[in-house]
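Taking it in order: structure first as structure tokens, then the write-up.
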Amino acid sequence: MDFEFTREQLMFKEEVIRFAKKEIAPRCAEHDLKGEFDLESFRKMGEFGILGLHFPEEYGGQGADVVTTVMAGEALGEAGVDGGLTLAYGAHTFLCADTLFRHGTEVQKRKYVPKLASGEWIGCMGLTEPGAGSDVASMTTEAVKQGDKYILNGSKIFITNGPIADVAVVYAKTDPTAKHAGISAFVVEKGTPGYTTGEPLKKMGMKTSVTSELFFNDCEIPAENLLGQEGMGFLMAMETVEWDRSALLAPFIGSGAFLLKKCTDYAKKRIQFDRPIGKFQAVKHRLAEIRIMTEAARGLVYRIAWCKDQGRPLNHLEAAVAKLFVGDWSLSPSNDAMLIFGGYGYCHEYDVERVFRDSRLAPIGGGTSDIQKMIISRLM
Amino acid sequence: MNYDFTEAELLFAGEVEKAAAQMPLAPASGTFFSNAEIKAALGLLAKTPYLAVGLDKSAGMGAVIHMASMESLASLAPSMALCVEMSTRVFGRLLAAHGSDVAKEKVLKPLLAGNLVGAVALSEGAMNVENDPFSTQGLEQGDGFSVTGAKNWVVNAPAADVIAVAGRVGDKVAFFLVPAGAPGLLVEAPATTMGYEAAPLSGLSLENCAVPRDMILGPFDAKTILAEARELENLVLLGLALGAMKSAFGQAKAHAKSHKSGGKPIIAFQEVGFKLSEMLTMLQASELLAFRAAWLAEKGDKATADVLLCAKVFVAECAEKVTGEALRILSGAGWTGTGPAQGAFRNAKWSQIAGTSTEIARVKIGDSALGYK
Ligand SMILES: Cc1cc2nc3c(=O)[nH]c(=O)nc-3n(C[C@H](O)[C@H](O)[C@H](O)COP(=O)(O)OP(=O)(O)OC[C@H]3O[C@@H](n4cnc5c(N)ncnc54)[C@H](O)[C@@H]3O)c2cc1C
């Protein structure tokens, strides 16, 4: 066992940090306060190569391995890129583009993946429904085959990038009588008649990612928009779990390093009782907690990435452990950071407040912590 | 990067596990393991490369698989694991790194063969947690030193063949290798303890105890050598804490799967199943962090000090939580039975208070982040 990153991986991470600190992080606070998606930054991420990092070059990517891809996510967090933008990137690249890449026909792959890798197009993925969250198999959105078409009816909720997406990967039942085995995946393009999106939802955090409902009213799509085969949708959604438990968790780890830097800078400058607050043991303890939790999370997330690089099937127990840890245990660093900043930490002006709000999604999105515990207890 | 162990490493881990399964949980007679009983355990391990890991390159096994094997050893034979590791990985590694040729021949050689039990005497009554300054000191006398002082809480002291006693030499620090029965050495009776009950632990005093020059490690810059000793001890404490978690979790899981309530195994209730999930999450996060700390330490990476302290705090505190939760799941079966969980719960505390205490570790991690000191 060894935990060494290659020189190239480390250099690339530094490059991403430099890029993100210069080009993206300075814009985050403004967009967070307005609750606006930062399209310019998103496109810059595309230009830099982050959005399509792991795709082969012929599809507009850079052919990076999974560990490197996870490092890029960590680097974005470390540079102070807000959770909203990294969530938008995660949903776009891993939940949408990767599914198209894996299961699309060659024509679909050529049509969508390069555009998504560059950021010219934005992608989203619709799985969750108002009545089917943790229990996805109870979804009611239906796709009925009529000749060479499918007719979609139903709605999705909490869809990251929903209102701005050019293309959506949508899960719907082709066999309503079956549970998981009745779910199929489809590509739906913006502007398709019968497909509309709701107003952006007002959220506590991740404010620069736009989240909305998707509506399907007799939405006709060509039969070739079915991804893979009928009934394979749930398995496809599960495949994205590999990314969800690695690349999508990575920014949370990176934000631990970001918080530590912010907090140490502040604790050295903020004077109370005639000395920097960093001289007080209780403040040092909080700084230590941030570092400890960040270190503890790292191994679990990179283990998933490394195993994926080896081409191994996902170990669902280890994946759930990684998600549960990042979701639950990693909430404490952003809390500690806010407390170190005192009243200032409660104000928008300081980044720690944003990280605190953004981090609250970790135990909810992509499968709640309870669901992870359910998976672990069943598998152990 | 590689998250797998090699086949050779797994084979080695299997051998260690087999050896550990043959070790006694409690002494055959009396309350504490005797010198002979510890040597018997060391003898079992000497048939594998275990004792040589970190001491002799010929071991062919690295720090990470050692950490994993120490976890198994500590889960199966916790008190003996403490005796073995304090003798081998703390006493032995200091000796291997700094001993004279004579000391290596006389002490290290039998230690590696499983024929010698060592101990390290650091703590003193009126000392701060940094072990600085010592009241124990060595004064030059003839071709060696005369050592006088007193030490507290020395694991293995009552059963050791040789004790490495830390003391001042001017403004530096040396370890004096004092054999059992040396004139002037008085080893106290073993203390009764909350955990690791069978591991003999006691105070000792030295009165003009003569130590020849070639049986001294150092003298060294005090900060450097004490940091080194603490690092070795902290690594051992990680392995012990992992072992406590592993055994308690294992017992609780087996119980939750077999014990029924309302006609179904209690693991089927979220109250129990979810608790076990959190425990397993803590165990896996602890293992990976401890493995990385061991790996960094072996490489001599500059991140070692910080990551090891992070691991010390995290793993030691998870050990208390996991073993405590195990007892809640086991309920009466844990309170009354002979399973490992209740012992693991008591043992887990040791990894927090010994070595760099978790509170001091936090201060050090904070200082390092702040760039203080
Ligand atoms: C900002 C944001 C972005 C999102 N992005 C997307 C996206 O892009 N695409 C997408 O498809 N979805 C997305 N989601 C949806 C997300 O995955 C779901 O919110 C999540 O899976 C939980 O579903 P739910 O909200 O319906 O909660 P519910 O399933 O209703 O759960 C409510 C509570 O009950 C608990 N619970 C439920 N079942 C059990 C059980 N069996 N045992 C114990 N406890 C249980 C849960 O843990 C939770 O505490 C997003 C959500 C948010 C908030």
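Quick note: numbers below take in every heavy atom, side chains included, and nothing from hydrogens, waters or symmetry partners. By convention in this document, chain letters (A, B, ...) are assigned in the order of the sequence lines, proteins followed by strands, and residues within each chain are numbered from 1.
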Drop me the distance from [X]'s [atom1] to [Y]'s [atom2], to the nearest 0.5 angstrom.
X: Met380(A); Y: Ser277(B); atom1: CE; atom2: OG; result: 4.0 Å
X: Gln270(B); Y: Ser377(A); atom1: CD; atom2: OG; result: 7.5 Å
X: Lys373(A); Y: Leu280(B); atom1: NZ; atom2: CG; result: 13.0 Å
X: Lys284(A); Y: Leu370(B); atom1: NZ; atom2: CG; result: 7.0 Å

Heavy-atom contact with chain B under 4.5 Å, split by part of [X]:
X: Leu287(A); answer: side chain
X: Phe3(A); answer: both
X: Met374(A); answer: both
X: Val283(A); answer: neither
X: Leu317(A); answer: side chain
X: Asp370(A); answer: both
X: Lys279(A); answer: both

Quick check, are the ring centers of Tyr372(B) and Phe280(A) under 6.0 angstrom apart?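 Between Phe280(A) and Tyr372(B), which both carry aromatic rings, the centre distance is not below 6.0 Å.
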Any [X] side-chain heavy atom under 4.5 Å of [Y] side chain:
X: Glu318(A); Y: Gln284(B); result: yes
X: Met293(A); Y: Phe314(B); result: yes
X: Trp329(A); Y: Thr281(B); result: yes
X: Asn2(B); Y: Met1(A); result: no

Go through the steps to decide whether Ile365(B) and Ile292(A) satisfy the test side chain to side chain contact (heavy atoms under 4.5 Å, CB included), and finish with yes or no. CA-CA 9 Å; Ile365(B) 298 164; Ile292(A) 292 164; 3.9 Å; yes
Contact part of [X] toward chain A, heavy-atom cut-off under 4.5 Å: side chain, backbone, both or neither?
X: Val363(B); result: both
X: Glu9(B); result: side chain
X: Phe269(B); result: neither

Give a yes or no on this: more than 12 heavy atoms of other residues, nucleotides or ligands lie within 6.0 Å of atom CZ of Arg312(A).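 More than 12 within 6.0 Å, yes.
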Atom CD of residue position Gln281(A) - does it have more than 12 heavy atoms of other residues, nucleotides or ligands inside 6.0 Å?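 Not more than 12 within 6.0 Å, no.
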Mind listing the closest non-hydrogen atom pair of Arg362(B) and Ala288(A) along with its distance?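 What the structure gives for the nearest pair is O-CB, 3.4 Å.
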Taking it one step at a time, do Val307(B) and Arg291(A) satisfy side chain to side chain contact (heavy atoms under 4.5 Å, CB included)? CA-CA 9 Å; Val307(B) 175; Arg291(A) 174 87 198 259; 3.7 Å; yes
Under 4.5 Å, heavy atom to heavy atom, which residues of residues 253-261 of chain B contact chain A?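 The stretch touches chain A at Lys253(B), Lys257(B).
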What are the residues of residues 288-306 of chain B, in order of number, with any heavy atom under 4.5 angstrom from a heavy atom of chain A?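 Only Leu288(B), Leu289(B), Phe291(B), Arg292(B), Trp295(B), Lys299(B), Asp306(B) of residues 288-306 of chain B have a heavy atom under 4.5 Å from chain A.
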Qualifying residues under side-chain hydrogen bond (donor to acceptor under 3.5 Å, both in side chains), relative to Asp328(A), sequence neighbours excluded: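 In terms of side-chain hydrogen bond (donor to acceptor under 3.5 Å, both in side chains), with neighbours along the sequence ignored, Asp328(A) is linked to Ser369(A).
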Which of residues 298-311 of chain A get closer than 4.5 angstrom to chain B, counting heavy atoms alone?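 So the qualifying residues are Arg298(A), Gly299(A), Leu300(A), Tyr302(A), Arg303(A), Trp306(A).
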